[in-house]
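Shown next, in structure tokens, is the structure this report addresses.
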Amino acid sequence: MARQPVVAQRAEELLGSAVVATAPVAGGDVATAVKLRLSSGRTAFLKTLTSAPPGLFEREAAGLAWLAETTPAGGVATPEVLAVDHDCLILAWVESGRPSSEAATAFGRSLARTHAAGAPCFGVDETLFGGFTEGGAPRVDGYIGRLPLLNRTLPSWPEFYAERRIAPYVKVLRDKEMLSAEDAATIDTVVGRGPSIVPDEPPARLHGDLWNGNVLWAGEDRAVVIDPASYGGHREVDLAMLALFGLPQLPQVMSAYQEVAPLAEDWEDRLAFHQLFPLLVHACLFGGQYGARAARLAARYL
């Protein structure tokens, strides 16, 4: 590991500890990622982004803290937040390994317990992550990747899913001519049938961006979740995202999850409904055929 002076100096300002070496970390889609070796012997992980959107890193840190509230009672593990500011986030380093059957079982149970810890509403109320204003000006109430994530509360999950999770991204894709009018109509029609598709449940405490890349298989047969976009929502959203992007050992994870918090009947048939959201987000971020794929999944419910 060499030492990048600018990155090291910024980390030292926030941590109050000397940085003796730094190394770039591959894989980030939004921010620059750097591994830090501190003079104390500890290793840390720094994410930084020049001209970051307001509250980007603060929201992520708050989401990690909200999930971590469940850890003492057996909920998911998260990395320790060492420092956060408008331009960067520093976390304790998590050494990743291979997903074992034991780790998958433990993760399924811990995810069920985190979901069961609940949330005060569908979305994020103004008390949860410190409100929706910054310096008197409106602030975006969440992010998923680099996209704004609307979290203002609504009274029911079908309403919230339609108005906060689907409609904004369909609009972006239509405005950019990345989604056909026919595909948009299919998605809108199906999402409008949400009350008859999704069983009524109280708000769960969601990770919110739980694809396989945000699950780190650590040592001691455990998993650690990173990069949350947390809010109160239907628990099947997290599960649908895990299935969509191919989490290793998923059958083992789901079996363990069901032991702790059994899902409503036909949950597997509803996965595609809740996969519309991440597919539309991916279409906005990466283009390609994600939007058309979302429409094909939606057509299953016509």
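- Between Tyr161 and Phe273, the ring-plane angle classifies as tilted under the 30° and 60° cut-offs.
- Within the model, atoms OG of Ser40 and CG of Leu15 stand 9.0 Å from one another, a figure rounded to the nearest 0.5 Å.
- Annotation: side chain of Leu82 is not in contact with side chain of Phe45 (no heavy-atom distance under 4.5 Å).
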Please tabulate, for side-chain N and O atoms in residues 239-256, each donor-acceptor pair with protein atoms closer than 3.5 Å (sequence neighbours left out).
{"unit_1": "Gln249", "atom_1": "NE2", "unit_2": "Pro99", "atom_2": "O", "d": "3.2"}
{"unit_1": "Gln252", "atom_1": "NE2", "unit_2": "Thr105", "atom_2": "OG1", "d": "2.7"}

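- Residue Ile144 comes nearest to Gly208 through the heavy atom pair CD1-O, 3.9 Å, listed as atom of the first residue, atom of the second, then distance.
- Residues Ala31 and Lys47 share a closest heavy-atom pair of CB-CB, 4.2 Å.
- Hydrophobic clustering, with ILVMFWY side chains joined whenever heavy atoms are under 4.5 angstrom apart, keeps Val224 apart from Val81.
- A side-chain donor-acceptor contact under 3.5 Å links Arg205 to the backbone of Gly118.
- With contacts defined as side-chain heavy-atom distances shorter than 4.5 Å, the pair Asp227/Glu60 qualifies.
- A side-chain donor-acceptor contact under 3.5 Å links His115 and Asp238.
- Between Pro120 and Pro203 the shortest side-chain heavy-atom distance does not fall below 4.5 Å.
- Note on Met178 and Leu280: same hydrophobic cluster, where clusters join Ile, Leu, Val, Met, Phe, Trp and Tyr whose side-chain heavy atoms are under 4.5 Å apart, directly or indirectly.
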Apply side-chain contact (heavy atoms from CB on, under 4.5 Å) to residues Val34 and Val25 and explain how you reach the verdict. CA-CA 5 Å; Val34 181; Val25 177; 5.7 Å; no

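- For Thr186 against Ala295, the heavy-atom pair with the smallest separation is CG2-O, 3.8 Å.
- Val225 is not listed as a side-chain neighbour of Thr114, based on a closest heavy-atom distance of 4.5 Å or more.
- When ring centroids are compared, Tyr257 and Phe107 stay outside the 6.0 Å threshold.
- The closest donor-acceptor contact from the side chain of Thr153 to the backbone of Cys121 lies at 3.5 Å or more, if one exists at all.
- In this structure the side chain of Leu38 never reaches within 4.5 angstrom of the side chain of Val20, judged on heavy atoms.
- The distance from atom CG of Leu64 to atom CD of Glu80, rounded to the nearest 0.5 Å, is 11.0 Å.
- Using a 3.5 Å distance cut-off with no hydrogens or angles, the side chains of Trp267 and Glu265 do not pair a donor with an acceptor.
- Within a 6.0 Å sphere centred on CD of Gln258, other residues, nucleotides and ligands contribute more than 12 heavy atoms.
- Between His234 and Phe122, a ring centre-to-centre spacing not shorter than 6.0 Å is recorded.
- Across Ser17 and Glu12, no two heavy atoms sit closer than the pair O-CG, 3.2 Å.
- If you chain together hydrophobic residues whose side chains sit under 4.5 Å apart, Ile90 and Leu216 never meet in one group.
- Going from atom CH2 of Trp93 over to atom NZ of Lys35 covers 4.5 Å, rounded to the nearest 0.5 Å.
- Ion pairing between Arg222 and Glu102 fails under the 4.0 Å rule for side-chain N and carboxylate O.
- Judged by distance alone, the side chain of Ser230 and the main-chain N or O of Leu206 form a donor-acceptor pair under 3.5 Å.
- Atom-to-atom distance recorded for Leu297:CG and Leu271:CG is 10.5 Å, nearest 0.5 angstrom.
- Note that CG of Leu36 is 11.5 Å distant from CZ of Arg42, once rounded to the nearest 0.5 Å.
- Looking at heavy atoms from C-beta onward, Leu67 lies in side-chain contact with His207 at the 4.5 angstrom threshold.
- Connection of Val237 to Leu111 is not established within any shared hydrophobic cluster, with ILVMFWY side chains joined at heavy-atom distances below 4.5 Å, either directly or through further cluster members.
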Can you list, pair by pair, the side-chain donor-acceptor contacts under 3.5 Å of residues 162-174, counting residues two or more places apart and other chains?
{"unit_1": "Arg164", "atom_1": "NE", "unit_2": "Arg152", "atom_2": "O", "d": "2.9"}
{"unit_1": "Arg165", "atom_1": "NH1", "unit_2": "Leu150", "atom_2": "O", "d": "2.6"}
{"unit_1": "Arg165", "atom_1": "NH2", "unit_2": "Asn151", "atom_2": "OD1", "d": "2.4"}
{"unit_1": "Tyr169", "atom_1": "OH", "unit_2": "Pro148", "atom_2": "O", "d": "2.8"}
{"unit_1": "Lys171", "atom_1": "NZ", "unit_2": "Asp175", "atom_2": "OD2", "d": "2.8"}
{"unit_1": "Arg174", "atom_1": "NH1", "unit_2": "Leu179", "atom_2": "O", "d": "2.7"}

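- Shown here for Ala52 and Phe57, the closest heavy-atom pair between the two residues is CB-CE1, 3.9 Å.
- Cluster membership for Leu89 and Val94, using ILVMFWY side-chain heavy atoms within less than 4.5 angstrom, is not shared.
- Between Leu147 and Cys284, the shortest heavy-atom contact is CD1-CB, 3.6 Å.
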When you look at Arg270 and Ile197, which way does the side-chain contact (heavy atoms from CB on, under 4.5 Å) test go after all the steps? CA-CA 7 Å; Arg270 292 187 297 275; Ile197 295 172; 4.3 Å; yes

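- Arg235 contributes atom CZ, which lies 14.5 Å from atom CG of Leu210 (distance to the nearest 0.5 angstrom).
- Electrostatic pairing of Asp87 and Arg10 counts as a salt bridge here, judged by a charged N lying under 4.0 Å from a carboxylate O.
- The closest side-chain heavy-atom distance from His274 to Val198 is below 4.5 Å.
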Going through the distances and angles, do Leu279 and Phe277 end up as a side-chain contact (heavy atoms from CB on, under 4.5 Å)? CA-CA 5 Å; Leu279 285 172; Phe277 164 54; over 6 Å; no

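- Under the 4.5 Å side-chain criterion, counting only non-hydrogen atoms from C-beta, Pro278 is not in contact with Trp211.
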